[in-house]
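See structure below.
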Amino acid sequence: RFLQERLERRKVHEQLQVLRGNIRVCCRVRPSLSPGAGAPKEAQACGITYPLPGSLCVHASEQRQQEFEFDSVFSGEATQEEVFDEVWPLIRSCADGYNVCLLAYGQTGSGKTHTMMGPERNPGLSVRALKALFDITAAEAEHGARRAISVSMLEVYNEALRDLLQSDAAKPLDVSAMGAGQLATGQERVPGLTWRPVACVDDVLAVLAEGSKNRATAATSLNAHSSRSHALLSVRLTDAAGQSSVLHLVDLAGSERIAKSEVAGQQLKEAQAINKSLSALGDVIAALQSKSGHVPYRNSKLTQVLQDSLCGSSKVLLVCCVSPEVANAQETLSSLNFASRAAQVELGPIRKAAEPATRKASAAGGGASPSPLTPGA
Ligand code: ADP
Ligand code: MG
């Protein structure tokens, strides 16, 4: 009977999906990074199970478990290709003229960069998306349709924008204050940002290499820096009539909560900037979900830059990346809580007879948390 109930809920959930439409949230669990024999038990144990397709359960401890449901859930075994299959319809939409935004959210080390960029021999969503766009463009060219594709690379660090395709890092950029969808034709959201025409995957790889090099030269430690800044790879498609659509591929800064007592100075400033922008992102997505008239883009540079792809007619996919280790369970729970509030799945608590402690915890997205839409809450 329990299973029956779950299946019925799943059906309701799927019907909701159809109604919900433009914003999708999925979760990807990184594979366990085979620690050596001497690693502590918490690092080895896998703290995540998959009760049903589209759901996952985090076992933070024997007493504490929390279950979540998303549009889709990818376990550590999922391939880059399988994750891309989820994304492909959005890429198709972008070629059809919609603005699209793909975002990877999660703590540092949870697989965001692997998902968005990936290693060269097993590329992530970005290269696959561009390859798909080239394929679509080539197929349409046979019918006489023309489309130009160009890309830009932008970093948002401490609420400042930097063009990664300019080696001269001293030149800061700003973002237009015009409302979402209100830019006139030819007017740029980020005036002065470099857009490079690309015609094939090799062109894209060359641009990516250039952007990464510029990003690395300004940072003392690239790993640390990249986890504290948002990286945007944006793709612009322009048809023969001059109409354009944009695909943003966003590798967000690490969402981990940084205790204020532990950092000071520059690190505190970084932590505050990340918290502010991720909160703003959550608030914008929630406002879009609730179809509330006011969408608070102004609260961060990140949401301002993305606003044309985070508005009524655009399509959004948030990929929540999490680590499977029990030692990361707190961060995993806070990422999943952020994502499920973005998804606004309100199906109520799952009834689990003998376990009153899990009831409240199971109300994923049900508003049980005291601090909605705050990363790391
Ligand atoms: P983040 O960008 O969130 O900080 P990374 O993408 O850099 O995390 O991932 C951390 C480590 O885990 C990297 O060494 C990466 O190669 C590896 N990794 C992440 N996801 C996967 C995956 N799905 N399969 C194999 N390795 C992965
Ligand atoms: Mg990364």
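Model, not experiment: these values are computed from the prediction. Ligands are counted one by one from 1 in listed order, and the atoms in each one are counted from 1 as well.
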Original post:
Is there a donor-acceptor pair under 3.5 Å between the side chain of Gln107 and the backbone N or O of Gly254?
Top reply: no
Original post:
Starting from atom 8 (O) of ligand 1, which protein heavy atom do you reach first, and at what distance in Å?
Top reply: Gly111 N, 3.1 Å
Subject >> Close-contact set for ligand 1 against Pro31 heavy atoms, below 4.0 Å >> reply: 21 (C), 22 (C), 23 (N), 24 (N), 25 (C)
Original post:
Has Glu120 got more than 12 heavy atoms of other residues, nucleotides or ligands less than 6.0 Å from its CD?
Top reply: no
Original post:
Just which atoms of ligand 1 are under 4.0 Å from any heavy atom in Thr108?
Top reply: 4 (O)
Subject >> N or O contact, Thr115 vs ligand 1, cut-off under 3.5 Å >> reply: no
Original post:
So is Ser227 close enough to ligand 1, meaning a heavy atom under 4.0 angstrom away?
Top reply: no
Original post:
atom 1 (P) of ligand 1: which protein heavy atom is closest, and how many Å away?
Top reply: Gly109 N, 3.4 Å
Original post:
Against heavy atoms of Lys112, which atoms of ligand 1 measure under 4.0 Å?
Top reply: 1 (P), 2 (O), 3 (O), 4 (O), 6 (O), 8 (O)
Original post:
Gln107 heavy atoms, cut-off 4.0 Å: which ligand 1 atoms fall inside?
Top reply: 3 (O)
Original post:
Going by the order shown, which atoms of ligand 1 are within less than 4.0 Å of some heavy atom of Arg28?
Top reply: 23 (N)
Subject >> Protein non-hydrogen atom found under 4.0 Å from atom 14 (O) of ligand 1 >> reply: no
**OP:** With atom 26 (N) of ligand 1 as the reference point, say which of Glu256, Met117, His114, Gln80 has the nearest heavy atom.
**Re:** His114
